[in-house]
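Structure record follows, encoded as structure tokens.
Chain A is the first sequence line, chain B the second, and so forth, proteins listed ahead of strands; every chain is numbered from 1.
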Amino acid sequence: MRNQIRDEIESGQAKTIVTRFPPEPNGFLHIGHAKSIWVNFGLAEQFGGRCHLRFDDTNPAKEEQAYIDAIQEDIRWLGYEWSGAVRFASDYFDQLYAWAQHLVREGKAYVDDLSPEEIREYRGTLTEPGRPSPYRDRSVDENLDLLERMRLGEFDEGAKVLRARIDMAAPNINLRDPILYRIRHAHHHQTGDAWKIYPSYDFTHGQSDAIEGITHSLCTLEFEDHRPLYEWFLDQLPVPSRPRQTEFARMNVNYTVTSKRKLKLLVDQNVVDGWDDPRMPTISGLRRRGYTPASLRKFCDMTGVSRAANVVDIAMLHFAIRSDLEDNAPRAMCVLDPLKVVLTNVPADHDEAFEVPGHPAREDMGMRRLPFTREIWIDRDDFMEEPPKKFFRLAPGKEVRLRNGYVIRCDEVIKGGGGEIEALHCSVDFDTLGKNPEGRKVKGVIHWVSAEHGVPVEVRLYDNLFLDEAPDRDKDADFLEHLNPESLIVVEGIAEPALAKVEPEARYQFERVGYFCADRHACRDGKLVFNRTVGLKDSWAKIQKKQS
RNA sequence: UGGGGUAUCGCCAAGUGGUAAGGCACUGGUUUCUGGUACCAGCAUUCCCAGGUUCGAAUCCUGGUACCCCAGCCA
């Protein structure tokens, strides 16, 4: 597609390119829309053209102002700005109506009194041609009069429609006298009660493109069958420009669903915490999860555009955000499953602090203070009483380095009455700060937090919402059966004190654990809530799996 | 059984008659105060199948096969 446009530009066939992103304001944008946004805005940007935002608002029954606002916020957050004002298909209702009258005068459209059921019957099937409606040959004057009275609201919803007169026997069902206008006595979020009839998608989209001077009307494959109709209208009507429709395959991601119906169901049944729940594949959900605009754009770039059916591995999305945050997220230490460690050769009043870099490779991120005291927390995962081979962490009699600090040795395991491990007694080798110990190698490094200075944090460990990589594989089997019961696990952790004053949406790498983002709703009034965006790669987990 | 599409590595995806890019994943290894990162190496004698044209075919031709979309007064 990029090549096609480049050729057009280089051959002088096209001087500039104008695209548009045309969402219907009836739901939240999701990862699939991000792809479309990236394609439309990105192409325009690349070729020095423009991209419009146009709400395709021809169905007042399903649309809401709230969606209009949310969609604009999502697009801007992704880093794009549309050319000119926000546009609406409803801006063109007057022109569209005039063009409908034009078609009627030309004998190319008629008012049909058939009921919805009759229209379906008359349309025929995939293999049988349709039959003409008995109202197909009304006079121009009668059609004009009826159409005007439809507009004025003289008829009930469903009583009449305006149809194009094309070919009831066309092998392409879209050409069997498609519906141009239907009666809807509904309040419209933009035009109020001015209209009692609303144009269909087919009668609106191409002409809106033409009015705006769109050169490339990019859409998904399911509209390919509509292209002949798109062109038919442009041929019949005195439109000011000639846009061209090009289709590409929509993007799917495994372990997710993106149909608006299913997403809405998840929200309505409180399976998730709203449209922006961090497990939702919506743009606002991904944002709250901690994805960056750049990572989403990179993901789109990595996956590309083609016409083949595709299901992108969610591992690619994970890669996109990890590689962004690896470079751009400051580091911090946070213990998720605390185990107390008493450093027996450190005095109780010892209060040392290390100055450590905010990021191992980004000097511009400065330094942070890491207090070190007699009692610290480590993660339970980092200790094993009977360690298997290749376990480089702490174990009785073994040494490990405290990240950014000293090497310690585990001298004693303190157990409670039930045999559960309550604490560890360890001793510090004070000759190991910033240097390796003499005569031996300590391979393991673990993260830790001063018990005295650490701050409590709520950590929300998110995972895929579904266990099956194709949750909606079965046509109508319930996709909710594939829900992951562990898609959210909330733990109380302890973080280093530098995290005490984070801003909502601040992103960190919790060293050795993963990337986390301060929740933009819950992180208020001093409360600290972090969402796990994605874990770090864990090759120890792989080794363990192999060993067992 | 009508019309419109698509088939290249486990997943994306370049390639448009000159002898199969790249990314993700995976597998080894090096470096490392993150079992992270980085770096190095490996990973399609073959492009849905079968014929054909050609000096030469993923690319052209013929015939198959599989999968996706279309019968809303949704978009």
Side-chain angles (χ1 to χ4, degrees), chain A residues 3 22-24 26 56-59 61-62 112 114-116 119-121 123-130 157-163 169-176 178-184 197-198 200-202 204-205 219-228 247 249 251 254 260 299 301-320 322-323 326-327 331 333 356 360-361 390-393 400-407 432-436 442-447 469 509-514 535-544:
Chain A
N3 291 340
E24 184 187 14
N26 68 344
D56 222 333
D57 57 346
T58 57
N59 187 357
K62 293 188 176 176
D112 195 346
L114 254 26
S115 71
I119 286 183
R120 192 182 338 115
E121 284 162 27
R123 188 154 34 221
T125 70
L126 294 178
T127 51
E128 303 157 20
E157 291 194 4
K160 290 179 167 36
V161 289
L162 182 72
R163 304 178 70 177
N172 180 345
I173 288 187
N174 294 120
L175 264 16
R176 319 239 262 230
I179 286 161
L180 274 35
Y181 273 94
R182 68 282 206 199
I183 299 169
R184 285 282 177 279
I197 56 174
Y198 290 92
S200 64
Y201 165 85
D202 285 311
T204 306
H205 206 95
C219 63
T220 44
L221 248 23
E222 64 265 31
F223 292 102
E224 195 155 28
D225 289 343
H226 294 246
R227 187 168 5 117
E247 310 84 12
M251 179 180 68
N254 61 12
K260 273 179 189 163
F299 174 66
D301 190 50
M302 283 170 70
T303 51
V305 175
S306 75
R307 290 169 62 86
N310 64 82
V311 184
V312 175
D313 192 336
I314 198 167
M316 278 215 235
L317 222 206
H318 296 158
F319 175 83
R322 277 197 199 106
S323 65
E326 159 64 24
D327 291 341
R331 307 293 132 113
M333 289 198 283
V356 307
K390 290 195 189 162
F391 184 78
F392 304 141
R393 285 112 96 145
V400 78
R401 175 174 294 279
L402 296 178
R403 172 72 170 154
N404 291 126
Y406 299 108
V407 170
T432 54
L433 192 59
K435 63 176 193 178
N436 287 324
V442 175
K443 189 161 170 64
V445 178
I446 64 172
H447 55 101
E469 66 177 276
Q509 183 195 103
F510 290 173
E511 287 192 286
R512 302 208 315 127
V513 180
L536 252 29
K537 275 180 129 179
D538 188 355
S539 54
W540 169 239
K542 275 180 196 166
I543 293 169
Q544 273 182 310

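- A distance of 4.0 Å separates CZ in R307(A) from CD in E224(A), rounded to the nearest 0.5 Å.
- The nucleotide A25(B) finds no pairing partner, because no Watson-Crick or G-U wobble arrangement with both distances shorter than 3.5 Å includes it.
- With sequence neighbours excluded, the residues forming a ring-ring contact (aromatic ring centres under 6.0 Å, His included) with Y406(A) are F354(A), F372(A), F430(A), listed by chain and number.
- By the side-chain contact (heavy atoms from CB on, under 4.5 Å) test, P171(A) pairs with no residue at all, sequence neighbours left out.
- Summarising the geometry, the separation between CG on D301(A) and C1' on G22(B) is reported as 11 Å, rounded to the nearest angstrom.
- An anti base is found at G23(B): its glycosidic angle is more than 90° from 0.
- Distances from the side chain of M316(A) to the nucleotides A13(B), A75(B), C11(B) place C11(B) closest.
- Partners of V400(A) under the side-chain contact (heavy atoms from CB on, under 4.5 Å) rule, at least two apart in sequence or in another chain, are L394(A), I408(A), I446(A).
- Across U31(B) and C39(B), the matching C1' atoms stand 8 Å from one another, rounded to whole Å.
- L536(A) pairs by the side-chain contact (heavy atoms from CB on, under 4.5 Å) definition with Q509(A), Y515(A), not counting sequence neighbours.
- At the phosphate of C12(B), neither OP1 nor OP2 sits under 4.0 Å from any side-chain N or O atom of R307(A).
- When the C1' atom is compared between U53(B) and U62(B), the two are found 11 Å apart, to the nearest whole Å.
- The pair E128(A)-R123(A) fails the salt-bridge criterion, with no side-chain N (NZ, NE, NH1 or NH2) lying under 4.0 Å from an Asp/Glu carboxylate O.
- A salt bridge links E511(A) to R403(A): at least one charged side-chain nitrogen sits closer than 4.0 Å to a carboxylate oxygen.
- Comparing the P positions of C73(B) and C12(B) gives a spacing of 34 Å, expressed to the nearest Å.
- Atom CZ of R176(A) and atom P of G2(B) are 13 Å apart (whole Å).
- Residues that satisfy the side chain to side chain donor-acceptor pair (under 3.5 Å) test with R184(A), not counting sequence neighbours, are absent from this structure.
- In this structure, the nucleotide among C73(B), A75(B), C24(B) sitting nearest to the side chain of A315(A) is C24(B).
- The gap from the P atom of G3(B) to that of U46(B) amounts to 36 Å, rounded to the nearest Å.
- Spacing of C1' atoms, C40(B) relative to G63(B), comes out at 48 Å, to the nearest Å.
- Distance noted for atom P between C55(B) and G5(B): 33 Å (whole Å).
- Map K542(A) and N310(A) each onto its nearest nucleotide of RNA chain B; the residue landing nearer the 5' end is N310(A).
- Using N1 to N3 plus N6-O4 or O6-N4 for Watson-Crick, or N1-O2 and O6-N3 for G-U wobble, each under 3.5 Å, U65(B) pairs with A7(B).
- Rounded to whole Å, the C1' atom of G22(B) lies 7 Å from the corresponding atom of A14(B).
- For the residue pair L433(A) and N404(A), the shortest heavy atom distance occurs at CD1-O, 4.2 Å.
- A sub-4.0 Å separation between OP1 or OP2 of C73(B) and a side-chain N or O of S200(A) is absent.
- Nucleotide C47(B) forms no Watson-Crick or G-U wobble pair with any nucleotide shown, as no partner meets the under 3.5 Å limit on both distances.
- When the C1' atom is compared between C9(B) and A25(B), the two are found 11 Å apart, to the nearest whole Å.
- When the side-chain contact (heavy atoms from CB on, under 4.5 Å) test is applied to N310(A), the partners found at least two apart in sequence or on another chain are A249(A), M251(A), V312(A).
- Judged as a salt bridge (Lys or Arg N to Asp or Glu O under 4.0 Å), and not counting sequence neighbours, R182(A) has no contacts.
- Residue K260(A) places no side-chain N or O under 4.0 Å from the OP1 or OP2 atom of C74(B).
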*What does nucleotides 67-72 of chain B look like as a protein-contact string, B for base, S for sugar-phosphate only, - for none, at under 4.0 angstrom between heavy atoms?*
--BBBS

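- Nucleotide U53(B) forms a pair with no other nucleotide shown, judged by Watson-Crick or G-U wobble geometry with both contacts under 3.5 Å.
- In this structure, L175(A) atom CG and G2(B) atom C1' are separated by 14 Å, rounded to whole Å.
- Across all strands shown, L162(A) has no heavy atoms under 4.0 Å from either base or sugar-phosphate atoms.
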*Along nucleotides 29-40 of chain B, 5' to 3', which nucleotides get a B, which get an S, and which get a -, given that the test is a protein heavy-atom distance under 4.0 Å?*
---BBBBBS---

